[in-house]
Amino acid sequence: MKEKLSKEVKGKLLQNMFVKNYRRMWPYVKPYWFRGLLSLLLAIPIGSMDAVIAMALRPYMDLVMVEKSLQTAWYIPLGIIIFTCIQGLLTYVSNYLNAWSGAKITNRLKFELYKKMLFFETDFFSKKNSGDVIFMFNNNADMACAGLLTNLKNLVQKVFTAISLIVVLFVNSWQLAIVCVAVLFGAMLPMMTLKKKINSIFSKSIVADSALLTAYNESYAGNKTITAYNLEEYQQKKFHDVLHSVFNLKMKLVQRTRWVTPVMHAVLSVGIGLAIWFGSFLILNGTITSGSFVSFLAALIMLYNPMKSMGSTYNSVLMSFLAIERVFEVMDSVPAIKNRPNAVKMPNEHKCIEFKDVSFEYVKDVPVLKHVNLTVNHGEIIALVGNSGGGKTTMVSLLPRFYDVTGGGIYVDGTDIRDFTLASLRQNIAVVFQDNFLFAGTIRENILIGNQSATEEEVSKAVKMACLDDFIASLENGLDTQIGERGILLSGGQKQRIAIARAFLKNAPILILDEATSALDNKSEAVVQRAIENLMQDKTVFVIAHRLSTIRNASKIVVINHGEVVEAGTHEELLKIECGAYKTLYDMQFKGSDA
């Protein structure tokens, strides 16, 4: 009894889920509902016209073959040709409208998913493979929209083809029709079990297909590493394993779903056999004419094709519904880092930034920062140094809320940064990363990311301060030179200087420099260092550097080792600490050269 009740509850939940998904999809369908609906409505006459040929055989057999009517011999074939041409025209219009509305709905849904993706936190992307992200925000939308409309149109067409042909069956012989329709309904019963069988395999197939996309992306992005380390055979093996996994899952899906079509095939063949046997009996006793039997048999054979393929079409519709569920799982997910209720706009000026008992961990119970306390006044230059992996980059990443603290808080003039809107907080912070990302496009477009309303004069000044002016002058198209995806046509130093120019142009009151000069040669570094010093005026600056020569004039040097602040002070103060962490680093870098 409990098991039966459980199945009933599950059935109701499944039905409610479908209704909910229809309602959720409506805002995306609404602008294009007329064309989409028209494509589905046209499938009705397209499917129904299949019955014309079968119905025409009855008078043709009785009047032409039996009664030898010459007039009937030409107008029935002509009528079939006309109906077939009309059906072809309607099929073209229906397919066009279906493709147009499906593409529009898909694009609308993809745009909403893309907007959603842009606001996910950094941690979300660090835990996902590129293939997972592409599938979540792109491929599922294709399966949900375009696939659903196409499959629904095909399903509607097949259903009305079946209905019209069943009508022909009853018109010709209700006795035969009852037998055959009973067989048809028996053939459709296996389709009811498909949803449960494909659900788990569908989810695993998504993971496998995502791994396939990730493999392509890695091979593209890491092509130099693959070549340098002769990893061709290694990558081939990895890719072969992924393909094997995808193959196995697809075969499991075939095993669980494709048995429906041959089962329906066998059951329908039984129906045809019964129809021929029973029809022969009805002809012999004069219940039906030869024309009626031929028309009935033609309709039954034509009915065989849509019924045989209806299982696979229904299977495709279910796959689209599962894709819709996955799409709205993403749409309903809430980013971990978001605006608090009643968040306020951060002012453009500040007096003090405080790290109060700040702790952070990427993985639960594995601390990266441990109870960090630091006070930074406006206009100060804070240099963060220490052992690799000690938490320097993590500490500055908490300031623009790439991640949120797991303990303590960061305050600007006494206000927790989580009480500021994300847009205003990040507008007040310029960041030059250690590994800067450049977008496909021109040098100008990448620099203007810092301030898209900047004037030509401001852009030129930023270029000059970033030591890019000589490089730009050497290019035929200057600032309008295309740099390729991820700036592949530029050197590492050129990419870094473009990122520095971008930060100059933003002119934010808080500046984060994460190894900002690490990719520059000595000559460029000296010039850029002077430019950075100009930029630092009236700004609060956080500098992460392994080259201690770039931070001697910092207002305060903070040494972070293993997630803890072990020393803090000026360059001179820290050098006076015998066996201190900073003095040890300094001696390692400069003692030999000074001697």
Side-chain angles (χ1 to χ4, degrees), residues 121-124 126-127 335-340 343 346 350-420 422 425-426 428-429 431 433-434 510-515 540-546 548 551 554-571 573-586:
E121 66 279 2
T122 304
D123 193 48
F124 171 83
S126 65
K127 293 178 179 177
I337 297 178
K338 58 184 182 298
N339 288 328
R340 282 181 170 178
M346 179 178 172
H350 65 274
K351 295 179 181 179
C352 179
I353 299 174
E354 295 177 278
F355 288 74
K356 292 185 178 181
D357 200 35
V358 169
S359 296
F360 179 77
E361 51 191 36
Y362 293 103
V363 180
K364 187 174 178 58
D365 299 326
V366 182
V368 177
L369 294 176
K370 308 169 188 175
H371 308 289
V372 172
N373 290 281
L374 179 65
T375 300
V376 183
N377 295 317
H378 171 72
E380 285 189 333
I381 302 169
I382 304 301
L384 303 177
V385 299
N387 64 299
S388 181
K392 303 183 296 296
T393 298
T394 298
M395 186 170 170
V396 296
S397 295
L398 296 175
L399 191 55
R401 292 187 68 192
F402 296 153
Y403 305 92
D404 268 343
V405 298
T406 52
I410 303 174
Y411 299 85
V412 176
D413 294 339
T415 302
D416 193 321
I417 61 171
R418 289 170 290 187
D419 291 326
F420 294 127
L422 283 169
L425 172 67
R426 292 167 181 171
N428 281 280
I429 302 172
V431 185
F433 298 99
Q434 184 177 7
I510 301 172
L511 179 65
I512 296 174
L513 303 171
D514 187 354
E515 295 285 353
T540 303
V541 184
F542 293 84
V543 181
I544 298 176
H546 286 108
L548 301 186
I551 60 169
S555 307
K556 184 185 295 183
I557 298 173
V558 179
V559 184
I560 302 177
N561 283 338
H562 306 295
E564 297 179 302
V565 175
V566 295
E567 289 178 357
T570 63
H571 173 72
E573 289 171 348
L574 294 179
L575 284 181
K576 293 177 182 178
I577 303 175
E578 289 297 328
C579 300
Y582 180 77
K583 181 175 174 57
T584 302
L585 289 172
Y586 183 84

Undergrad: Yes or no on side-chain contact (heavy atoms from CB on, under 4.5 Å) for Val558 and Met395, after CA distance, side-chain angles and deciding distance?
TA: CA-CA 11 Å; Val558 179; Met395 186 170 170; 5.6 Å; no
Undergrad: Quick check: closest heavy atoms across Leu398 and Phe360, and the distance to 0.1 Å?
TA: CD2-CD1, 3.8 Å
Undergrad: Closest heavy-atom contact between Ile337 and Arg401?
TA: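 Closest heavy-atom pair between Ile337 and Arg401: CD1-O, 3.4 Å.
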Undergrad: Looking at Arg426 and Phe402, what are the two nearest heavy atoms and their distance?
TA: NH2-N, 4.4 Å
Undergrad: Working note: Ile551 + His571, criterion side-chain contact (heavy atoms from CB on, under 4.5 Å); need CA distance, chi angles, decisive distance, verdict.
TA: CA-CA 8 Å; Ile551 60 169; His571 173 72; over 6 Å; no
Undergrad: Show the numbers, then the answer: is there a side-chain contact (heavy atoms from CB on, under 4.5 Å) between Met346 and Ile510?
TA: CA-CA 12 Å; Met346 179 178 172; Ile510 301 172; 4.1 Å; yes
Undergrad: So do Ile512 and Pro400 actually touch side chain to side chain, heavy atoms under 4.5 Å?
TA: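 Yes, side chains in contact.
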Undergrad: Please examine the side chains of Leu369 and Ser359, heavy atoms only from C-beta on, and report whether any two atoms are closer than 4.5 Å.
TA: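 Result no, sub-4.5 Å side-chain heavy-atom pair not found.
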Undergrad: Grab the two heavy atoms, one from Glu380 and one from Thr375, that are nearest each other, plus how far apart they are.
TA: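 Nearest pair, atom of Glu380 first, then Thr375: OE1-O, 4.2 Å.
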Undergrad: When Glu573 is tested against each of Thr570, Leu575, Ile577 for side chain to side chain contact (heavy atoms under 4.5 Å, CB included), which residue passes?
TA: Thr570
Undergrad: Step by step, work out the side-chain contact (heavy atoms from CB on, under 4.5 Å) result for Asn373 and Asp357.
TA: CA-CA 5 Å; Asn373 290 281; Asp357 200 35; 4.2 Å; yes
Undergrad: Within the distance-only criterion (no hydrogens, no angle test), does the side chain of Glu567 pair as donor or acceptor with the backbone N or O of Ala581 below 3.5 angstrom?
TA: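 Here the side-chain-to-backbone pair exists.
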Undergrad: Can you tell me how far apart CD1 (Ile353) and OG1 (Thr540) are? Round to the nearest 0.5 Å.
TA: 5.0 Å
Undergrad: State the OH-CD1 distance between Tyr582 and Ile557, to the nearest 0.5 angstrom.
TA: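 Nearest 0.5 Å value for the OH-CD1 distance: 3.5 Å.
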Undergrad: Determine the sole option in Val405, Leu425, Ile410 for which the side chain to side chain contact (heavy atoms under 4.5 Å, CB included) test with Arg418 is passed.
TA: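 In the set Val405, Leu425, Ile410, the residue that makes a side chain to side chain contact (heavy atoms under 4.5 Å, CB included) with Arg418 is Val405.
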Undergrad: Starting at CG of Asp123, measure out to OG of Ser397 and round the result to the nearest 0.5 Å.
TA: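 One finds 11.5 Å between CG of Asp123 and OG of Ser397.
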Undergrad: What's the shortest heavy-atom distance between Glu361 and Thr406, and which atoms?
TA: N-OG1, 3.5 Å
Undergrad: In Å, rounded to the nearest 0.5 Å, how long is the span from CD1 of Ile417 to CG of Leu422?
TA: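 Result: 9.5 Å between the selected atoms.
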Undergrad: Return the CD to NZ distance between Glu564 and Lys370, rounded to the nearest 0.5 Å.
TA: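 Glu564 atom CD to Lys370 atom NZ measures 5.0 Å (nearest 0.5 Å).
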Undergrad: Could you state the interatomic distance from CG (Asn561) to NZ (Lys392), rounded to the nearest 0.5 Å?
TA: 8.0 Å
Undergrad: Shortest non-hydrogen contact from Leu384 to Val396?
TA: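 The answer is CD1-CG1, 3.6 Å.
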Undergrad: Please confirm whether the backbone N or O of Cys352 pairs with a side-chain atom of Asp413, one donor and one acceptor, at under 3.5 Å?
TA: yes
